[in-house]
Amino acid sequence: MADQDSAAPRHVAMIMDGNGRWARERGLSRLEGHRAGAETVRRMVEACAQLKIPYLTLYAFSTENWQRPKAEVAALMQLLQSFLTKRLPDLRKHKIRLNAIGELERLPPRVLEALTKAMEATRDGTGGTLTLALSYGSRLEIVAAARALARKVQAGELAPEAITEELLSAHLYTADLPDPDLIIRTSGELRLSNFLLWQASYAELWVTPTCWPDFSADEFRGAIAEFNRRQRRFGGVDHA
């Protein structure tokens, strides 16, 4: 996750789906699937570093995921805390800046503390940015941005006609990130699941039936190769 190769996407976002299905097919608990998925996160971070992709965003925990059984949510939070502590040396080694988006205040205090510590320890990283979407929902993100702009209008600080796409984007969680060029979803589902809806307007989509724990660096490189073969016209026409 350093200087970008000319053909590679600048920002890749991933919907990490299939941990539960992977575990069920092997007669394991869902927690074992999540643990196996955490290893895939490590592989993807390393792959982005090798491919010189500067931005990687991972859909780690959605606002809807809070509805899961309490025991599973607690286990996921413990796994997240462990991941942040265990992988911090690797992030610092690769000079990767850790970032997080979402309703972070909903995270358990111990998890938020570990997250804050890891973000602070890596804030000067120049090798790329790893963003974890935690307690994240795109619709709520857009609503929050709209409310922030409405308050400015109500206070007389902003005229309604001055609201532009750029201004709304600047009030999203991702204000300091480029829009994703490529969104990858594992486990075969063909939907965005409330992930980066505004930011994904012109992102290329790539879906694989492979469950997240089995998603390999080689398959990731295949997705990048497919991205490189596509023509991105952003609503225009191909004049070639």
Side-chain angles (χ1 to χ4, degrees), residues 1 8-9 11-62 65 68 72-73 75-94 96-102 111 114-115 118 122 127-134 136 180-193 195-196 203 205-227:
M1 294 162 71
H11 183 181
V12 175
M14 296 184 175
I15 301 174
M16 306 182 293
D17 195 16
N19 290 343
R21 186 182 307 173
W22 181 91
R24 184 171 62 251
E25 291 173 351
R26 289 160 177 77
L28 302 173
S29 68
R30 289 178 61 85
L31 179 57
E32 289 303 317
H34 295 312
R35 284 175 176 160
E39 284 301 305
T40 305
V41 171
R42 178 189 59 78
R43 292 198 299 270
M44 293 306 105
V45 171
E46 292 180 354
C48 282
Q50 294 170 359
L51 292 168
K52 301 180 181 179
I53 297 172
Y55 295 94
L56 173 64
T57 297
L58 302 176
Y59 201 7
F61 193 88
S62 73
N65 287 156
R68 292 186 177 187
E72 182 177 354
V73 171
L76 283 169
M77 291 296 111
Q78 180 60 46
L79 186 60
L80 173 59
Q81 182 182 359
S82 176
F83 173 85
L84 291 167
T85 303
K86 184 177 180 180
R87 296 304 173 192
L88 180 55
D90 293 335
L91 296 176
R92 298 186 69 175
K93 175 184 176 181
H94 292 292
I96 295 170
R97 178 176 74 94
L98 181 65
N99 183 42
I101 58 174
V111 177
L115 177 64
T122 61
T129 297
L130 169 63
T131 298
L132 300 180
L134 297 167
Y136 174 86
D181 301 296
L182 173 64
I183 294 180
I184 293 173
R185 179 164 191 152
T186 58
S187 196
E189 301 293 347
L190 302 175
R191 58 178 179 268
L192 287 174
S193 296
F195 181 52
L196 300 178
L205 305 179
W206 190 88
V207 177
T208 175
T210 303
C211 291
W212 178 250
D214 284 336
F215 190 60
S216 67
D218 284 342
E219 190 168 5
F220 179 47
R221 292 187 184 95
I224 300 302
E226 168 63 23
F227 172 87

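Quick caveat: nothing in here was measured; it's all calculated off a predicted structure. Only this structure's heavy atoms are used, side chains among them; waters, hydrogens and symmetry mates stay out.
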> Where is the tightest heavy-atom contact between A100 and L134, given as atom of each residue plus distance?
Replying inline: CB-CD1, 4.5 Å
> Say you draw a straight line from CG of L56 to OG1 of T131; how long is it, rounded to the nearest 0.5 Å?
Replying inline: 8.0 Å
> Rounded to the nearest 0.5 Å, what separation is found between the CZ atom of R68 and the OG atom of S62?
Replying inline: 7.0 Å
> In Å and rounded to the nearest 0.5 Å, what is the CG to CD1 distance from D181 to I224?
Replying inline: 9.5 Å
>> Taking the side chain as everything from C-beta on, heavy atoms only, tell me whether L205 gets closer than 4.5 Å to L192.
In response: yes
> What closest approach, in Å, do S193 and Y59 show between heavy atoms, and which atom pair accounts for it?
Replying inline: O-OH, 3.0 Å
> Out of curiosity, N19 CG to S187 OG, how far, rounded to the nearest 0.5 Å?
Replying inline: 8.5 Å
> According to the interplanar angle, ranging from 0 to 90°, do the rings of F195 and Y136 count as parallel (below 30°), tilted (30 to 60°) or perpendicular (above 60°)?
Replying inline: perpendicular
>> Could you work out, with side chain to side chain contact (heavy atoms under 4.5 Å, CB included) as the rule, every residue matching E219, not counting sequence neighbours?
In response: W206, T208, T210, F215, S216
>> Here's a test for you: under side chain to side chain donor-acceptor pair (under 3.5 Å), which of K86, K93, R87 qualifies with D90?
In response: R87
> Under a 4.5 Å cut-off applied to non-hydrogen side-chain atoms, are L196 and P180 in contact?
Replying inline: yes
>> Tell me the closest heavy-atom pair linking I53 and P9, and the distance in Å.
In response: CG2-O, 3.6 Å
> Taking only residues two or more places apart in sequence or in another chain, which ones pass side chain to side chain contact (heavy atoms under 4.5 Å, CB included) with A217?
Replying inline: A47, R221
> Looking only at heavy atoms, which two atoms of F83 and V41 are closest? And how far apart?
Replying inline: CZ-CG1, 3.5 Å
>> Check whether R30 reaches the backbone of E72 with its side chain - one donor and one acceptor, N or O, closer than 3.5 Å.
In response: no
>> I want to check something: taking the side chain as every heavy atom from C-beta on, are V12 and L51 in contact at a cut-off of under 4.5 Å?
In response: no
> Closest heavy-atom contact between E189 and D17?
Replying inline: CG-OD2, 3.4 Å
>> The criterion is side chain to side chain contact (heavy atoms under 4.5 Å, CB included); which residues satisfy it with T122, sequence neighbours excluded?
In response: L88, L91, R92, L98
> Can you name the residues that form a salt bridge (Lys or Arg N to Asp or Glu O under 4.0 Å) with E32, not counting sequence neighbours?
Replying inline: R35
> Less than 4.0 Å between a side-chain N and a carboxylate O, is that true for R42 and E46?
Replying inline: yes
> How many angstroms lie between OG1 in T57 and CG in L130, if you round to the nearest 0.5 Å?
Replying inline: 7.5 Å
Show me, pair by pair, the donor-acceptor contacts under 3.5 angstrom made by side chains of residues 75-82, not counting sequence neighbours?
from, atom 1, to, atom 2, distance (Å)
Q81, OE1, R110, NE, 3.1

>> I need the minimum non-hydrogen distance between V73 and N65, along with the two atoms involved.
In response: CG2-O, 3.6 Å
> With sequence neighbours excluded, what pairs up with A36 under the side chain to side chain contact (heavy atoms under 4.5 Å, CB included) test?
Replying inline: W22, P213
>> Is there a side-chain contact between F220 and R43 in this structure, where contact means two heavy atoms from C-beta onward sitting under 4.5 Å apart?
In response: no
>> Nearest 0.5 Å, please: how far is CG in L58 from CE in M14?
In response: 6.5 Å
